[in-house]
Amino acid sequence: MNDLEIIENYVTGKLSEDEQTRFEAVLRTDPAVADALAFYVLAKHTAKVEARAERRAELDALRRAPVRLQWSAPMRWAAAASVALLLGLGWVFLRPEDSTLAASRMVDEYVAGHFTQLPTTMDGGSSGSPTADSVKLGIGLLNSDKLADADAVMKDILKRQPLNDDALKVAGIVSLRRGNYDNAITFFHRLSQRTDLYSNPGLFYESLTLLKRNRPMDKEQAKKLLEDVIKRNLEGKQEAEALLKELQ
Amino acid sequence: MPLFSRKPTDADLIAGIRAGGSQRRLCENKLYEKYRYFVAEGVRKHRLDEEDCASAYSDTILSVFESITSGRFEGRSELKTYLYQIFTNKCVDAIRKKTTNRSSVHDAFSLDDSLMQLPDAARSVVQGLIDQSDVENLHRHLKELGDKCRTMLLLMGEGYSDDEIAQTMTYNSAAVAKTSRLRCLEKLRESYRKSHERPGNN
């Protein structure tokens with residue numbers, strides 16, 4: 001055991017009572033032991049001061065580091081949910097617009113521009129005939145937004161004249177505006193089958209309705225019909241080209 | 001610890017600091033971070049600038065670490081209350097220091113504190129020797145001692161046991177750490193003595 005170890009045992013109270021008494025006796029008479037004890041006390045104190053200065057510098061660095069928020073588990077879950085919600089909303093509002101949605105919006109614009117106020121000049125027969133009057137009545141109801149009444153009138157005409165082109169057209173438009181896409185497609189399809197008409201928008205209207213209905217195969221079917229409209233130079237060709245461009 | 005919460009309680013931190021080893025520093029840092037908002041409170045309440053408050057807070061925390069490891073903090077009051085009381089005193093000292101240019105009575109421990117820990121018989125013998133000693137010179141020698149020895153002695157200064165030093169510095173046992181530490185102390189004594197023997201050298 002060297003002198004520093006004995007001194008350390010003395011300072012830390014690890015010597016027995018006898019050993020302590022003997023050590024203190026030597027301490028009083030031997031300057032070298034007193035010097036060693038003084039050095040031990042001083043060295044330990046110096047180490048303590050140095051350690052404290054270093055620790056303080058570490059704590060200061062900790063203070064200058066950015067604050068890490070200590071969130072509880074529910075807070076973390078809430079934060080995660082909020083981030084997910086924001087990402088979801090961001091996706092909904094900021095994502096690149098889907099071609100089908102863009103086409104659907106074009107259809108809406110077309111419907112708003114062409115199907116809310118129909119001209120009453122079209123008729124289902126010669127002026128003054130009961131069918132022509134009924135078609136005018138139906139159009140008047142449609143223009144007044146009385147869609148259910150207009151629907152009833154048109155269906156009544158079609159019972160009597162299933163191939164009446166004006167009735168098919170107006171019945172299809174009424175169904176489209178009411179969101180009854182299946183019926184609208186049926187009416188427009190039947191209209192499109194009329195090959196004796198000078199101008200037939202049936203195929204174009206059917207494609208519009210398919211885009212609105214937007215079932216799994218509707219988009220592809222609408223594209224085929226639009227291509228057909230362009231190819232056969234049918235009514236709605238210009239709009240069909242614009243829509244097809246959007247759907248590419 | 002409460003469910004859904006990872007924030008350690010004061011009791012957790014005190015236990016971690018007292019447990020020593022690698023846990024000690026981690027828990028000390030967590031304790032520092034837990035109450036560092038005191039700094040902002042000090043700025044508002046005592047109208048001190050942030051650096052002075054941060055300095056008072058660091059002093060407070062270091063004193064509290066020491067109180068915890070030495071067992072002086074017995075847990076009779078809440079740790080937060082204890083800490084806040086010391087911090088307030090440090091802030092008042094900082095104000096006094098600023099206004100009167102006097103050093104604080106609560107400044108870092110003095111050499112007298114170390115002497116007070118000696119048995120009475122020894123204190124009177126070494127008092128004079130210590131008064132004559134060149135503390136600055138010893139600080140310099142400690143800095144130049146070499147990383148390993150310096151780290152070891154600083155850990156001793158912080159009150160780490162030989163067992164903790166062995167764990168921290170990957171020695172095989174506390175006995176090996178103790179032998180190495182005493183050798184480092186001897187090395188420091190030799191360099192300190194030599195500098196006094198060389199004329200013209202501090």
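We name chains A, B, ... by the order of the sequence lines, and we start the count at 1 in each one.
- Taking the charged nitrogens against the carboxylate oxygens, B:Glu66 and A:Lys48 do have a contact shorter than 4.0 Å, which makes a salt bridge.
- Heavy-atom distances place the side chain of B:Leu118, and not its backbone, under 4.5 Å from chain A.
- B:Tyr57 is not listed as a side-chain neighbour of A:Leu59, based on a closest heavy-atom distance of 4.5 Å or more.
- Heavy atoms only, all atoms of each residue included: A:Leu62 and B:Tyr32 are closest at CD2-CD2, 3.6 Å.
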Take A:Leu42 and B:Leu129 through the test side chain to side chain contact (heavy atoms under 4.5 Å, CB included) and record every step on the way to the result. CA-CA 10 Å; A:Leu42 196 62; B:Leu129 292 170; over 6 Å; no
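- In this structure, CD in A:Glu50 is found 10.5 Å from CG in B:Leu153, a value given to the nearest 0.5 Å.
- Contact annotation for A:Tyr40: only side-chain heavy atoms (C-beta onward) come within less than 4.5 Å of a heavy atom of chain B.
- Shown are B:His141, B:Lys143, B:His139, B:Arg140; of these, the side-chain contact (heavy atoms from CB on, under 4.5 Å) with A:Thr46 is made only by B:His139.
- Salt-bridge annotation for A:Asp3 and B:Arg189: present, with a side-chain N of the basic residue lying under 4.0 Å from a carboxylate O of the acidic one.
- Environment of CD in B:Glu50: sparse, with no more than 12 heavy atoms of neighbouring residues, nucleotides or ligands closer than 6.0 Å.
- Annotation for B:Val126 and A:Ala34: closest pair CG1-O, 3.5 Å, computed over non-hydrogen atoms.
- Counting heavy-atom neighbours within 6.0 Å of B:Arg183 CZ, excluding the residue itself, gives a total of 12 or less.
- Neither the backbone nor the side chain of B:Thr151 comes within contact range of chain A, judged by heavy atoms closer than 4.5 Å.
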Run the side chain to side chain contact (heavy atoms under 4.5 Å, CB included) check on B:Arg150 and A:Glu54 step by step: do they pass? CA-CA 12 Å; B:Arg150 185 171 175 277; A:Glu54 278 204 358; 2.7 Å; yes
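- Electrostatic pairing of A:Arg52 and B:Glu158 does not count as a salt bridge here, judged by no charged N lying under 4.0 Å from a carboxylate O.
- Between B:Ser133 and A:Phe39, every side-chain heavy-atom pair lies at or beyond the 4.5 Å cut-off.
- Nearest heavy-atom pair across A:Ala47 and B:Leu142 is CA-CD2, 3.8 Å.
- Under 3.5 Å, the side chains of B:Ser58 and A:Arg55 contain no donor-acceptor pair of N or O atoms.
- Side-chain contact between B:Leu185 and A:Lys44 is absent, with no heavy-atom pair separated by less than 4.5 Å.
- Interface check for chain A: of the options B:Ile130, B:Val135, B:Leu155, B:Leu62, the most heavy-atom pairs under 4.5 Å are formed by B:Leu62.
- Counting heavy atoms of neighbouring residues, nucleotides and ligands inside a 6.0 Å radius, atom CD of B:Glu74 exceeds 12 of them.
- Enclosure of atom CD in B:Glu78 is not indicated, since only 12 or fewer non-hydrogen atoms of other residues, nucleotides or ligands lie within 6.0 angstrom.
- Within 6.0 Å of CZ in B:Arg72 there are more than 12 heavy atoms belonging to other residues, nucleotides or ligands.
- With A:Arg28 contributing its side chain and B:Ala122 its backbone, the two residues share no donor-acceptor pair below 3.5 Å.
- Put simply, of B:Arg181, B:Met156, B:Glu28, B:Arg25, the one with the most heavy-atom pairs under 4.5 Å next to chain A is B:Arg25.
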